[in-house]
Amino acid sequence: MKRSRIVNILASQEVGATVTVAGWLRTKRESKGGFCFIELNDGSCLRNLQVIAEERLSNYREEVLRLQTGSALRVSGTVLESPGRGQAVELRAEVIELLGETDPESYPLQKKRHSFEFLRTIAHLRPRTNTFGAVARVRNAISFAVHRFFQERGFIYLHTPIITGSDCEGAGAMFRVTTLELDRAPLLDGHVDFSMDFFGSPANLTVSGQLEAEAYALAMGDVYTFGPTFRAENSNTPRHLAEFWMVEPEMAFCDLDGNVELATDFLKFVFSYVLDQCREDMEFFKRFIDPTCVDTLEKLISQDFERLSYTEAVQILSKAEESFEFPVDWGCDIQAEHERYLCEKVFHRPLVLTDYPKTIKPFYMKVNRDKKTVRAMDVLVPKIGEIIGGSQREDDYQTLLDRMNELEINPDAYRWYLELRKFGSAPHSGFGLGFERLVQFVTGMSNIRDVIPFPRTPGNISF
RNA sequence: UCCCCGGUAGCUCAGCAGGUAGAGCGGGUGGCUGUUAACCACUUGGUCGGCGGUUCGAGUCCGUCCCGGGGAGCCA
């Protein structure tokens with residue numbers, strides 16, 4: 001018989017139905033009255049299905065009574081109304097098949113709460129816990145919401161390269177990709193001769209698909225990427241990964257205002273979708289992870305994001321009575337403490353900061369008329385900080401070239417990117433969103449390593 | 001990479017002023033019960049992160065390295 005998902009059995013509550021389910025045993029409670037209770041979870045939802053196993057089963061004594069937490073089972077039986085509290089229906093087993101047993105001495109998961117630090121050391125088993133199951137389902141829902149949002153608005157999903165030839169995109173250290181043997185690399189004048197390498201020149205893992213997305217935006221109108229991104233920074237924080245997923249929309253004929261509008265619409269859409277589709281998991285996060293997470297999302301959907309310029313932000317900060325570790329001065333970068341102060345103490349809501357000094361932003365951002373600021377935007381949310389960073393792009397050939405020379409970036413490496421400003425250039429804008437930070441914000445999970453299945457961080461590649 | 005805190009049983013932790021290790025949970029056995037992180041009794045369980053030093057004696061003090069957490073920087 002075809003396997004039913006537990007989520008559907010619990011939702012339909014079809015008493016009398018004959019079903020087959022399969023999953024992993026979470027807990028078992030024995031009764032000497034000749035039966036036992038088995039809680040089965042198949043990952044389809046947070047809740048378990050209570051299975052009633054009775055003595056009359058042919059393998060009751062030899063197998064059923066010896067079942068351990070973690071065992072894989074297939075159960076066929078009848079859905080019945082449950083006389084006990086805590087569940088509306090339960091499954092009275094006719095057949096219980098042990099598919100994979102578990103040695104209780106060595107199985108690391110117990111039927112009690114584990115620390116996230118410990119669970120990180122068993123990343124292959126942690127999806128069998130309530131929290132990581134819920135994270136996986138919510139992450140999946142957010143992914144789907146991302147695609148749905150852009151698809152409904154006519155954006156083209158674009159696959160930008162993972163391996164890139166540009167060695168400096170201004171977004172941090174990169175991972176080198178090579179087929180050369182490190183201890184016997186061919187040398188030329190004392191340096192590694194990359195003409196002997198696979199691509200004939202140095203190659204790296206991408207830190208952003210933005211530049212390539214711009215090329216397609218200036219042909220297709222609106223595009224977005226959603227893929228893996230790599231940063232070789234030695235960042236050891238609960239907000240950084242060496243491998244993470246990034247969402248990057250890029251829109252032709254769109255200025256900074258349109259960009260801000262898309263970013264806020266996007267966040268609101270995702271939050272609504274998750275609250276709508278993952279109610280049970282979200283209630284779990286509210287109860288065990290962050291009591292404010294559901295309220296926060298509900299508030300964000302209804303309220304407007306505060307928008308102010310960098311200059312205005314600096315004015316507010318310099319008048320603040322708060323004592324900051326880093327002094328506030330026009331031209332300085334806004335520090336994490338400043339972001340938190342503005343978000344959590346002044347406005348009590350997410351913030352869109354725009355028009356930063358050009359000296360603290362990358363070369364590709366459009367320079368304002370004042371020649372001092374660029375059309376940049378950062379979306380800041382409480383706790384996480386910067387969740388979105390974007391800008392209107394410089395679309396004037398000469399200005400972009402001047403900026404590159406100013407920052408000592410070799411234009412030769414960006415010839416094709418510059419050409420986009422030569423042939424049918426148009427105003428265009430886009431942003432990048434760290435997908436895991438979004439999942440963190442939605443779920444309230446405090447460490448980014450717990451919202452991606454197998455986190456890659458400095459010194460950690462065990463799974 | 002920098003600052004602070006931590007690493008003791010499978011897990012979560014206690015171990016006060018240096019005197020050769022404890023609890024709860026888990027596992028095992030038995031009992032009880034339409035049970036809900038079930039309950040009760042008994043039982044099992046440790047190179048006290050690694051290396052070096054001080055000392056008659058180090059989980060405890062010192063040095064160093066490794067790992068984890070929090071904060072900062074870099075950023076998404």
Side-chain angles (χ1 to χ4, degrees), chain A residues 26-39 47-54 66 68-70 80-87 90 92 102-122 125 129-130 169-173 206-210 228-248 263 288 324-326 333-337 339-340 360-362 378-381 384-390 431-441 446-452 457-460 462:
Chain A
R26 282 291 179 82
T27 91
K28 184 189 68 180
R29 294 179 290 273
E30 282 174 45
S31 167
K32 285 295 182 292
F35 60 96
C36 66
F37 301 93
I38 293 168
E39 297 242 3
R47 280 191 290 164
N48 305 322
L49 178 65
Q50 176 163 281
V51 174
I52 311 301
E54 294 161 312
R66 290 191 199 157
Q68 301 290 349
T69 300
L80 298 175
E81 209 172 301
S82 177
R85 285 177 199 171
Q87 62 281 317
E90 61 191 23
R92 184 185 189 220
T102 297
D103 171 25
E105 289 282 355
S106 49
Y107 187 61
L109 287 174
Q110 303 171 2
K111 28 187 183 181
K112 63 161 198 169
R113 211 191 148 103
H114 289 289
S115 68
F116 293 146
E117 291 85 349
F118 170 66
L119 292 172
R120 266 171 233 148
T121 69
I122 48 166
L125 296 172
T129 64
N130 288 336
E169 293 183 23
T206 185
V207 292
S208 167
Q210 180 200 316
T229 310
F230 308 88
R231 302 276 166 92
E233 297 288 351
N234 189 10
S235 299
N236 293 288
T237 85
R239 300 180 307 282
H240 289 88
L241 292 166
E243 176 183 292
F244 64 100
W245 287 63
M246 191 147 70
V247 178
E248 294 179 291
F288 292 105
F324 296 116
E325 190 188 337
F326 295 90
D333 219 342
I334 303 251
Q335 301 291 321
E337 56 172 346
E339 293 177 353
R340 265 204 306 279
I360 57 172
K361 288 292 182 185
D378 281 3
V379 179
L380 312 176
V381 293
I384 309 290
E386 185 182 338
I387 196 169
I388 285 179
F431 63 79
L433 166 123
F435 185 69
E436 283 74 19
R437 288 195 184 165
L438 182 61
V439 179
Q440 265 190 285
F441 184 70
S446 56
N447 196 312
I448 200 165
R449 300 169 192 206
D450 299 328
V451 296
I452 189 167
T457 53
N460 183 355
S462 308

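Reminder, nothing fancy here: chain letters follow the sequence lines and each chain counts from 1. Because only heavy atoms are used, hydrogens play no part in the values below, and waters and symmetry mates are left out as well, while side chains stay in.
- B:G19 sits 12 Å from B:U55 when the C1' atoms are compared, rounded to a whole Å.
- Taking the C1' atom of each, B:C3 and B:G59 are spaced 27 Å apart, rounded to whole Å.
- Comparing B:G34, B:C74, B:C11 against the side chain of A:His114 picks out B:C11 as the nearest.
- Smallest separation of non-hydrogen atoms from A:Ala53 and A:Ile38: CB-CD1, 4.2 Å.
- Looking at heavy-atom distances under 4.0 Å, A:Glu117 makes contact with sugar-phosphate atoms alone, never a base.
- Distance check, rounded to the nearest 0.5 Å: CG of A:Asn460 to OG1 of A:Thr121 gives 10.5 Å.
- Minimum atom distance to the side chain of A:Phe35 is reached by B:G34, of the listed B:G34, B:C74, B:G27.
- The separation of B:G10 from B:C5, taken at their P atoms, amounts to 28 Å, rounded to a whole angstrom.
- Using a 4.0 Å heavy-atom cutoff across all strands shown, A:Thr69 reaches no nucleic acid atom at all.
- Contact between the side-chain N/O atoms of A:Arg29 and the OP1/OP2 oxygens of B:U36 is not found at any separation under 4.0 Å.
- In terms of phosphate contacts, A:Arg113 brings no side-chain nitrogen or oxygen within less than 4.0 Å of OP1 or OP2 of B:G26.
- If you check every strand for non-hydrogen atoms under 4.0 Å, A:Arg239 touches a base.
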Toss me the dot-bracket line for RNA chain B: Watson-Crick and G-U wobble, both under 3.5 Å, 5' to 3', using | for pairs to another strand and [ ] for crossers. (((((((..((((.....[..))))((((((.......))))))....(((((..]....))))))))))))....

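- Remark: the separation of the C1' atoms in B:A21 and B:G46 is 8 Å, to the nearest Å.
- Within the nucleic acid shown, A:Gln68 comes within 4.0 Å of sugar-phosphate atoms alone, with no base atom in reach, counting heavy atoms only.
- Where stacking is scored as ring centres under 5.5 Å apart with planes under 30°, A:Phe244 registers as stacked on the base of B:A76.
- Comment: A:Arg92 does not engage A:Glu90 in a salt bridge, judged by the lack of any side-chain N to carboxylate O separation of less than 4.0 angstrom.
- Checking side-chain atoms of A:Arg231 against main-chain N and O of A:Val207 turns up a donor-acceptor pair under 3.5 Å.
- For B:U33, the base has no donor-acceptor partner in the side chain of A:Glu30 [N/O atoms by modelled type, under 3.5 angstrom].
- Residue contacts shown for A:Ile387 are limited to sugar-phosphate atoms, with no base heavy atom under 4.0 Å away.
- The backbone N or O of A:Pro104 sits nowhere less than 3.5 Å from a side-chain atom of A:Gln68 that would complete a donor-acceptor pair.
- Comparing the same atom, C1', in B:C39 and in B:U47 gives a spacing of 37 Å after rounding to whole Å.
- A:Arg92 comes within 4.0 angstrom of no nucleic acid atom, judged by non-hydrogen atoms across all strands.
- In this structure, A:Leu109 reaches neither bases nor backbone, as no heavy-atom distance under 4.0 Å exists between it and the strands shown.
- Residue contacts shown for A:Pro104 are limited to sugar-phosphate atoms, with no base heavy atom under 4.0 Å away.
- The shortest distance between the side-chain N/O atoms of A:Ser106 and the OP1/OP2 oxygens of B:G10 is not below 4.0 Å.
- At the heavy-atom level, A:His240 lies under 4.0 Å from base atoms of the strands shown.
- Dashed line: the shortest gap from a side-chain N or O of A:Asn236 to OP1 or OP2 of B:A72 is not under 4.0 Å.
- Nearer the 5' end of RNA chain B, as judged by each residue's closest nucleotide, is the contact made by A:Glu90, out of A:Ile334 and A:Glu90.
- In this structure, A:Phe118 atom CZ and B:G68 atom P are separated by 15 Å, rounded to whole Å.
- Distance check on atom C1': B:G31 versus B:G68 gives 42 Å, rounded to whole Å.
- Residue contacts for A:Thr237: at a heavy-atom cut-off of 4.0 Å it reaches a base atom on one of the strands shown.
- Spacing of P atoms, B:G28 relative to B:U20, comes out at 34 Å, to the nearest Å.
- In this structure, A:Tyr107 and A:Gly86 both approach RNA chain B, and ranking their closest nucleotides by distance from the 5' end singles out A:Tyr107.
- Ranking B:G27, B:G70, B:A72 by closeness to the A:Phe326 side chain, first place goes to B:A72.
- Contact annotation: side chain of A:Gln87 to base of B:U36, donor-acceptor pair present below 3.5 Å.
- A sub-4.0 Å separation between OP1 or OP2 of B:G73 and a side-chain N or O of A:Gln335 is present.
- Side-chain to base pairing of A:Ser235 with B:C75: no donor and acceptor N or O lie closer than 3.5 Å to each other.
- When all heavy atoms are compared, the tightest approach of A:His240 to A:Arg437 is NE2-NH2, 3.5 Å.
- Taking side-chain N and O atoms only, A:Arg449 has a distance below 4.0 Å to OP1 or OP2 of B:G69.
- B:U8 and B:C40 are spaced 29 Å apart, taking the C1' atom of each and rounding to whole Å.
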